[in-house]
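Let me begin by presenting the structure, written as structure tokens, before commenting on it.
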Amino acid sequence: MILVVGGKGMLGSDLLTLLGQRGRGVDLPEIDITDMASVQRVLTALKPSVVVNCAAYTDVDGCETNHDLAMQVNGEGVAFLAMVTREIGAKLVQVSTDYVFDGGKGSPYQEDDLPRPLNVYGESKLAGELNVQVNPDHVVVRTQWLYGLHGKNFVETMLRLGQEKDRLTVVDDQIGAPTWTMDLAKGIIALIDAGCRGTYHVADSGSTSWNGFARAIFAETGMATQVEPMTTAQLNRPALRPLHSTLDCARLTADTGYRPQPWREALRQYLVLRAKEV
Ligand SMILES: NC(=O)c1ccc[n+]([C@@H]2O[C@H](COP(=O)([O-])OP(=O)(O)OC[C@H]3O[C@@H](n4cnc5c(N)ncnc54)[C@H](OP(=O)(O)O)[C@@H]3O)[C@@H](O)[C@H]2O)c1
């Protein structure tokens, strides 16, 4: 059985949909990964063969003022999961982020590139990447710019703002790949089924800016909202962000055969599905 920790979250929900009978989800309050006794109790009772950790403190700006909570959930919590999965002989898949990089490379990041986080969230996720190594049977999956049916995300924010305003200003100097949580979930399952270990990048293919992503959302939904450019510096958020953090996913394709689809095609499919669900 594949246990999805953080199973009520945006990624966890899609992963459980795809896993069907193979999966089981747990989340707060059934498990609290910052509490070793809780992790031990749940994992020894359920005896999974694989644990996928989708639980995280994901508020990037909130992490700047809640350093201790960020380190507890994203760092220490992963150490507890690694210790207990090693004890029970289970594989641990840890979901991480492009924010472990500083965005200064100028070309897509490969798995072995040197991390240098710019913010507390990135530092805490890097601590998680290091702590997962306590279990030799681990996979680190770095991803980026997620959206999906079951959580707050950029697509939902743009669709809401687009109803309220004729004109929006969106940053155009951060580059990445918008990634549908369904496509990421397929990548995670492919890595598990191929018996992979180590670090992998999983993101939809191609790249754009947040501004380009917003334009695509309005174009695909036929909304007339105008999208003006602005810089990251002008936006002045509490956490610094990497400017160009596209992830090279060649290792994923070489080792599993799975090739994530172009981000624009994924967006189109997501919007069709969303229209049926909402
Ligand atoms: N979202 C992105 O754009 C993005 C980009 C790159 C990487 N990632 C990574 O992808 C993974 C999934 O992200 P997501 O957006 O799906 O996250 P999400 O929707 O915020 O889901 C995280 C889940 O974990 C739960 N959780 C929080 N603290 C917990 C704890 N101490 N013990 C157990 N469960 C806990 C949350 O519960 P509550 O809601 O009750 O707190 C929530 O259900 C994370 O590792 C994240 O760092 C996300």
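The figures here come from the full heavy-atom set of this structure, side chains too, leaving out hydrogens, waters and symmetry mates. Remember, it's 1-based here, ligands and their atoms both numbered in the order they're listed.
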message: Using a 4.0 Å cut-off to any heavy atom of I31, which atoms of ligand 1 qualify?
response: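 Atoms satisfying the 4.0 Å criterion: 32 (N), 33 (C).
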
query: Shortest non-hydrogen contact from T181 to G148?
result: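 For T181 versus G148, the nearest heavy atoms are OG1-CA, 3.3 Å.
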
- prompt: Between G176, C54, S124, G6, which one has a non-hydrogen atom sitting closest to atom 22 (C) of ligand 1?
  reply: C54

N/O of [X] under 3.5 Å from N/O of ligand 1, yes or no?
X   : value
D98 : no
D32 : yes
M10 : yes

task: With the side chain counted from C-beta on, respond yes when E76 and T34 share a heavy-atom pair under 4.5 Å apart, and no when they do not.
output: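 Not in contact.
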
Heavy-atom side-chain contact between N66 and Y57 under 4.5 Å: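 Yes. Closest side-chain heavy atoms under 4.5 Å.
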
Under 4.0 Å, heavy-atom basis, I'd like to know which part of [X] is in contact with ligand 1: side chain, backbone, both or neither.
X    : result
Y121 : side chain
T58  : side chain
K125 : side chain

- request: Return yes when at least one protein heavy atom is under 4.0 Å from atom 39 (O) of ligand 1, and no when none is.
  value: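 Within 4.0 Å: no protein heavy atom nearby.
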
G151 to ligand 1, any heavy atom closer than 4.0 Å: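 In this structure, G151 fails to qualify as a contact of ligand 1 - no heavy atom is under 4.0 Å.
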
query: Any non-hydrogen atom of G128 lying under 4.0 Å from ligand 1?
result: no

message: Assess the residue pair F154 and W145 against the criterion (ring pair (Phe, Tyr, Trp, His ring centres under 6.0 Å)); give the C-alpha distance rounded to whole Å, side-chain angles, the decisive distance to 0.1 Å, and a yes or no.
response: CA-CA 8 Å; F154 185 82; W145 294 27; 7.6 Å; no

query: Are D32 and S38 close enough that a side-chain donor and a side-chain acceptor fall under 3.5 Å?
result: no

